[in-house]
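Excluded from the calculations below are hydrogen atoms, water molecules and symmetry mates; all remaining heavy atoms, backbone and side chain alike, are included. This structure is a prediction, so every number in the text was calculated from the model and none was measured.
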Amino acid sequence: MKHFYTLILLLASYLTFAQAKSDQYDYFVQFNGSQLSKKVNIEEVLNHPILTKYTSKKPDFDLRKYASIMQLNQKMTIHGNFLDSIPYYQVTIPIKNKDAVRQYLTEKFAARDSVKKAAIQDFAKYSVYTPGGAKKSFAWNENYLIVFELTKRLPAKFDNSQAYIDSAYTQASDVIVDIDEKEAQYEVPPPPQIVTDAPIAETENGVNEDYTYDGNPYEEYTLEQAEFDRKLAEQQSVIIKKLFENGFTAPNSTKINESADISSWVNYGGAISSLYSAYSVPMAMFGGYDKYLPMQQNFANFIKGINLDFYFDNDNARMEEIIEYSPEIANDISKISNRKINKNIYNYFPAEKPLGYMTYHINTKEMLQRFPSLTAELFQTPKFGKEDISIVTDLISTIVDEEATAKLFDGDLSAFLYDMKEVEVMTKKYDYDENFEEKITEEKVKKQIPLFSFIFTSTHSTFGDKLLQLGVRKKVLTQNGNSYTVVGTQDYGDIFIMKDKDVVVVANTKAYFSNGNGSFIKDTKKALSRNSILGKMDIAKTVHTFGKNAKESDLTLLMKMTNQFSDFSMESPKKLTDNKFKFILRLNTKKSDKNIILQTLDLAEEMTSK
């Protein structure tokens, strides 16, 4: 009878896994070999001198061994679920032929399996190999190799371990399978043998039992863990059979960007749920106060998923982060990010390109107006009713005057790094006389300081001026015409604050203010008409400026970098497309004769060569 229920439960998990669709994955990563191989010769990358030099010292990391069995011009994927009824991960690799895979795995795990006695299992349509002492299995046919592992774990000792084992094994608790014992007899590969290297201990019944986990003599391998692992291994064997029995189909996802060289997607709700699950025990130890924290499903209602896409071209490498919001939240984010920039800030932008800058623009008023409702949605839990939440949101709205608060900081913020400057500053020197009494002397020393400015807007009619006058009365600020010097900042070049109508400037130089004229301002205005975030760092100028006092050896390495790369930039469009917010990071090169991957490897070789 026990075997009858076991087979029913195996079939339930078998059918549950078979129903998985591409959009039910919690994460999906695709290495687009068919796309990347058009841009760069993969063999040329793997045989680059910098890599062969490294792998000659560490043969286990020789990627050329993998290239001997993989189809590098096809798609390789990694996908799985964090916290579904069957949490797992699967790596799918297109291969050249199955015999090469068999030889590779045999050679790789030969030493381990001479002790563990693991063997390759051959079936009609596929083969399976689970190295001794391992949880993951390798399975392959003529075209694909997969690495598969169920990742359900046994909880801490103080939990009801047996109940957890049963619930983990009966994955589809809501599925009723009406089947008799004969109908349940189908071919399933035997589960991986659990073998350990631990010392053997004798039980009360005189039976020798192994009390280590995964061959680790320092972790107790309990009977509960052994039973849990056995059932999990059986289930893993069933799932692998299902993947191959009707012909293996490579996984895919509509969430993946096929034009990217590497594309990844994460189900935000699944990631948050996994985090809550991982910390559920320690959080519960705090008296249940975790029930008052934001619910993971509420986070999932905010953000549907996050993409990270990577592109490697000849003249740049870039990463695009794409956040997909729910339609309601996307509408709020659009209004927050779509700010009409206060044009007065351009009077304090530099005329020519600085070493680096970052400028960020949001609609503070829209953000404050939408904050209470967003908070209410986020903290909606069974412990708080709708009336409770409405009281909190009403309180926030009462305390916070969105109209007045938004005027303190309207939403324009820009930062600039211009240059380095040598200045003389007074420093205190501490010493002791012949009587061992401390004496303090002052002396002038030369020091290199960065020249910078921060610019933001504040349209409040009185608060800014009153705050500056308060600083004067408290002797924190010293007024000099229309600017105020911050007391005690001489080491940084006399930092000052200047308020010009609705623009506030914090800087240590006035030399770069352009009064709204110059090529940099023209280009920046055009870019900011499309973007809410914009930034760039000129690598060559920055290295040349800050490397003046560097060691000659360090400066040589830095100059090699500047010969290769021109700048690092970032941007984020104002408008959301299909409820998606995009943030782009880009590394631009000076050369375009070869792919940036090869250029980077060339640079690494040059920098490490003597």
Side-chain angles (χ1 to χ4, degrees), residues 331-370 401-419 451-468 480-484 495-538 567 569-577 581-584:
N331 180 60
D332 292 340
I333 297 298
S334 294
K335 292 183 177 180
I336 291 172
S337 63
N338 190 18
R339 169 174 171 76
K340 186 177 181 180
I341 297 173
N342 188 324
K343 295 181 180 179
N344 292 330
I345 64 172
Y346 294 123
N347 292 328
Y348 298 94
F349 276 34
E352 304 299 328
K353 290 181 181 179
L355 297 181
Y357 71 95
M358 195 283 291
T359 183
Y360 178 52
H361 306 272
I362 62 170
N363 192 319
T364 307
K365 181 180 177 181
E366 288 284 352
M367 182 180 67
L368 291 172
Q369 287 178 337
R370 297 173 190 281
D401 184 339
E402 294 94 345
E403 190 78 32
T405 305
K407 289 181 179 179
L408 296 178
F409 170 62
D410 297 78
D412 299 312
L413 175 63
S414 303
F416 297 94
L417 177 63
Y418 304 114
D419 203 346
L451 300 178
F452 64 88
S453 70
F454 293 95
I455 304 164
F456 64 94
T457 52
S458 177
T459 54
H460 197 285
S461 58
T462 59
F463 186 79
D465 292 325
K466 288 181 178 181
L467 191 60
L468 290 172
N480 298 298
N482 67 341
S483 66
Y484 300 79
I495 297 176
F496 64 87
I497 302 173
M498 184 168 60
K499 187 174 185 301
D500 180 10
K501 298 178 182 178
D502 45 11
V503 177
V504 179
V505 180
V506 181
N508 64 354
T509 178
K510 297 180 181 180
Y512 296 88
F513 299 157
S514 62
N515 198 28
N517 300 312
S519 59
F520 173 74
I521 295 174
K522 181 180 179 181
D523 294 340
T524 305
K525 281 183 179 180
K526 184 177 179 180
L528 285 177
S529 66
R530 303 185 304 271
N531 297 284
S532 59
I533 300 174
L534 197 66
K536 182 175 286 189
M537 177 68 72
D538 188 307
D567 58 71
S569 64
M570 66 180 74
E571 63 184 56
S572 179
K574 285 183 177 181
K575 295 183 179 180
L576 275 63
T577 303
F581 170 87
K582 182 183 288 188
F583 180 75
I584 305 169

With [X] via ring pair (Phe, Tyr, Trp, His ring centres under 6.0 Å) - residues at least two apart:
X	result
Y484	none
Y346	F349
F583	none

Name every donor-acceptor pair, under 3.5 Å, that has one atom in a side chain of residues 527-537 and the other anywhere in the protein, sequence neighbours excluded.
from	atom 1	to	atom 2	distance (Å)
S529	OG	K526	O	2.5
R530	NH1	K526	O	3.3
N531	ND2	A527	O	2.9

Without swapping roles, check the side chain of N347 against the backbone of F513 for a donor-acceptor pair under 3.5 Å.
no
Determine whether more than 12 heavy atoms belonging to other residues, nucleotides or ligands lie under 6.0 Å from atom NZ of K525.
yes
In this structure, are over 12 heavy atoms from other groups packed under 6.0 Å from K353 atom NZ?
no
Here the pair of heavy atoms bringing Y418 nearest to T509 is CD1-CG2, 3.9 Å
T359: side-chain hydrogen bond (donor to acceptor under 3.5 Å, both in side chains) partners, not counting sequence neighbours
H361, S414
Residues forming a side-chain hydrogen bond (donor to acceptor under 3.5 Å, both in side chains) with D419, sequence neighbours excluded
none
Quick one, [X] and [Y] - any side-chain contact, counting heavy atoms below 4.5 Å?
X	Y	answer
L355	D538	no
P350	F416	yes
D410	R339	yes

Any pair counted as side-chain hydrogen bond (donor to acceptor under 3.5 Å, both in side chains), so long as it reaches residues 510-520, sequence neighbours left out:
E352-S519
Those residues at least two apart in sequence (or on a different chain) that pass side chain to side chain contact (heavy atoms under 4.5 Å, CB included) with K335 are N331, E366, R370
Restricting to side chain to side chain contact (heavy atoms under 4.5 Å, CB included), what partner residues turn up for L576, sequence neighbours left out?
Y325, A330, I333, S334, S337, F581
D412 and I341: side chain to side chain contact (heavy atoms under 4.5 Å, CB included), yes or no, with the steps?
CA-CA 7 Å; D412 299 312; I341 297 173; 3.9 Å; yes
Which atom pairs, donor and acceptor, lie under 3.5 Å between side-chain atoms of residues 495-504 and protein residues at least two apart or in another chain?
from	atom 1	to	atom 2	distance (Å)
K499	NZ	K501	O	2.4
D500	OD2	Y348	OH	2.6
D502	OD1	N344	ND2	3.1
D502	OD2	N342	ND2	3.0

